[in-house]
Protein chains: 2
Amino acid sequence: MARKTSGVSRREESLSRERIIEASIELLDKSGESGLTFRALSERLATGPGALYWHIANKSDLLTAACDAIVALTMNALLLDASPKAIIRTLALSLFDAIDAHPWVGSALTLAPGQVPMMRIVERLGQQIRALGVPSGEQWAAASALLNYILGVGGRNAANGQLARMRGLDRSEFLDAVSEIWSQLDPEEYPFARSMAGQMRAHDDRADFLAGIELILGGIDSLPRRGEGVSGV
Amino acid sequence: MARKTSGVSRREESLSRERIIEASIELLDKSGESGLTFRALSERLATGPGALYWHIANKSDLLTAACDAIVALTMNALLLDASPKAIIRTLALSLFDAIDAHPWVGSALTLAPGQVPMMRIVERLGQQIRALGVPSGEQWAAASALLNYILGVGGRNAANGQLARMRGLDRSEFLDAVSEIWSQLDPEEYPFARSMAGQMRAHDDRADFLAGIELILGGIDSLPRRGEGVSGV
DNA sequence: ACCTGAACACCGTTCAAGT
DNA sequence: ACCTGAACACCGTTCAAGT
């Protein structure tokens with residue numbers, strides 16, 4: 001079936017899984033996770049809540065599908081003709097940016113272990129780990145470390161974003177608030193946090209994220225290596 | 001009315017924040033995150049839902065407080081007279097085990113960025129990073145990498161646990177199911193995941209978790225170091 | 001000060017009934 | 001096959017009223 005492009009005119013298009021997911025993403029982007037309800041969604045699609053259940057199994061299925069739409073786009077946009085490490089960095093940063101643009105993706109990923117969106121990421125990561133020449137017995141640990149780190153940052157970013165949104169703060173106001181709280185902690189009990197308070201105000205989440213990726217890549221570098229790594233080509 | 005459900009009878013004690021948190025933890029441990037409702041909680045405490053609001057602000061506050069009770073116990077039980085790396089490993093494993101025993105802690109941590117429980121972890125981690133001699137400009141990135149990795153694993157563990165519980169599977173049945181799914185993926189599209197399917201069945205989450213910590217520690221090792229490291233003892 | 005519990009404004013999900 | 005929308009069984013939270 002040949003389908004028309006665009007189609008913001010929801011007048012006569014009939015309901016479909018794709019249209020529901022598309023509308024869900026709009027809702028999630030506009031109002032966050034709490035904004036996605038069957039009532040809001042059915043209103044936006046000019047139908048009843050029950051109609052949605054003809055096309056999707058339940059809310060969890062819907063959220064995962066919306067998440068997968070973003071993740072698939074992100075993974076498929078990757079340029080794969082670079083060194084394994086470069087691809088890993090790009091993959092990580094692309095995901096970081098995608099979660100930054102769609103904070104709900106961070107928690108949706110956490111909520112859907114083993115589902116398609118996660119597998120897309122695992123697979124892409126794993127292939128690069130392999131290409132790095134990591135022995136097969138340690139490939140999973142290496143891929144898993146990167147995955148968990150990325151998901152950890154994603155989840156935290158999502159939570160921070162939601163918190164900031166709730167309080168009506170932009171990123172720099174939010175960092176100022178965090179810095180302020182940290183600087184007022186008890187210096188006996190929280191010497192480290194206090195000493196970091198100043199840095200918090202000006203720090204770059206994205207750069208810190210990449211620094212963490214580098215740490216893990218550095219650790220992978222120091223693993224015993226199989227012969228056929230990249231450098232030898 | 002015969003008797004209360006098993007040995008949880010606290011007959012005449014009056015309501016208090018501590019008792020509410022204690023009962024919340026029992027509920028969360030028994031029935032997971034969805035088990036914690038104000039109705040179930042007030043029934044268990046033989047009171048009305050409204051009474052709880054005299055002692056706690058809202059559900060988010062309650063979940064964070066329950067989470068903090070576990071995290072505080074875990075952090076305070078750490079033996080601090082070991083090398084920084086050893087302390088970091090112990091801290092990470094203790095948290096892993098705590099989240100394994102109380103899966104809801106994993107997602108509660110993610111949901112409460114910058115709250116007390118998270119700060120306890122950041123602080124303990126940061127102090128060890130400092131003790132490792134990491135230059136102050138990179139301490140945050142290092143602490144943050146460990147924290148995000150730990151939270152990432154925690155969140156995933158929580159999600160896996162909930163999934164397994166929902167389907168009534170124990171850990172080994174769950175791993176079998178994952179392995180089965182992975183082994184049936186399209187070999188063209190998912191070569192890495194397929195090749196890992198066998199390992200999945202027998203793998204040890206805890207060991208993999210620790211391997212990830214080692215990778216990050218290895219990366220930290222290869223950072224340029226200040227003079228006063230541990231090795232000199 | 002602390003507790004009660006009905007009431008409010010929501011949820012996700014179901015299902016008989018329509019086309 | 002697909003959609004409607006009222007109804008069901010829940011939620012978190014509030015608040016007048018009690019002690």
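Bear in mind the structure is a predicted one, so any value in this text is a computation, not a measurement. Chain naming here is simple, since letters A, B, ... match the order of the sequence lines and numbering starts at 1 in each.
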Exercise for the section: Fit a plane to each ring of B:Phe38 and B:Tyr53, take the angle between them on a 0 to 90° scale, and name the class: parallel (under 30°), tilted (30 to 60°) or perpendicular (over 60°). Expected result: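 B:Phe38 and B:Tyr53: parallel rings.
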Practice task
Mind telling me whether B:Trp182 and A:Trp140 have parallel, tilted or perpendicular rings, with 30° and 60° as the class edges?
Solution key: perpendicular
Handout entry: Side chain B:Glu173, main chain B:Asp170, donor-acceptor under 3.5 Å
Key = yes
Exercise for the section: Calculate the interatomic distance between B:Leu62 atom CG and D:dG12 atom P; express it in whole Å. Expected result: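 Interatomic distance, CG of B:Leu62 to P of D:dG12: 10 Å.
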Problem - nucleotides 13-19 of chain D: protein proximity per nucleotide (B base, S sugar-phosphate only, - neither; heavy atom, under 4.0 Å) - result: BBB----
Practice task
Compare side-chain N and O positions of B:Trp54 against OP1 and OP2 of C:dC3 and report whether any pair is under 4.0 Å apart.
Solution key: no
Exercise for the section: Please state whether the phosphate of D:dC3, meaning OP1 or OP2, lies under 4.0 angstrom from any side-chain nitrogen or oxygen of A:His55. Expected result: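 Checking D:dC3 against A:His55, a side-chain N or O does come within under 4.0 Å of OP1 or OP2.
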Practice task
Only counting residues at least two apart or in another chain, list the ones meeting ring pair (Phe, Tyr, Trp, His ring centres under 6.0 Å) with A:Tyr190.
Solution key: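 None.
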Handout entry: Pair assignment for DNA chain D - dot-bracket with | for other-strand partners, Watson-Crick or G-U under 3.5 Å
Key = ||.|||||...|||||.||
Practice task
Would you confirm whether the ring centroid of B:Tyr149 sits within less than 6.0 angstrom of the ring centroid of A:Tyr149?
Solution key: no
Problem - Partner residues of A:Asn157 under the side chain to side chain donor-acceptor pair (under 3.5 Å) criterion, sequence neighbours left out - result: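 Side chain to side chain donor-acceptor pair (under 3.5 Å) list for A:Asn157, sorted by chain: empty.
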Handout entry: ring pair (Phe, Tyr, Trp, His ring centres under 6.0 Å) contacts in which one or both residues fall within residues 153-181 of chain B, not counting sequence neighbours
Key = none
Practice task
Answer with base, sugar-phosphate or nothing: what part of the nucleic acid does B:Leu36 contact at a heavy-atom distance below 4.0 Å?
Solution key: sugar-phosphate
Exercise for the section: Output the residues of residues 106-115 of chain B in contact with DNA chain D, where contact means a heavy atom of the residue under 4.0 Å from an atom of the strand; sort by number or write none. Expected result: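 Contacting residues: none.
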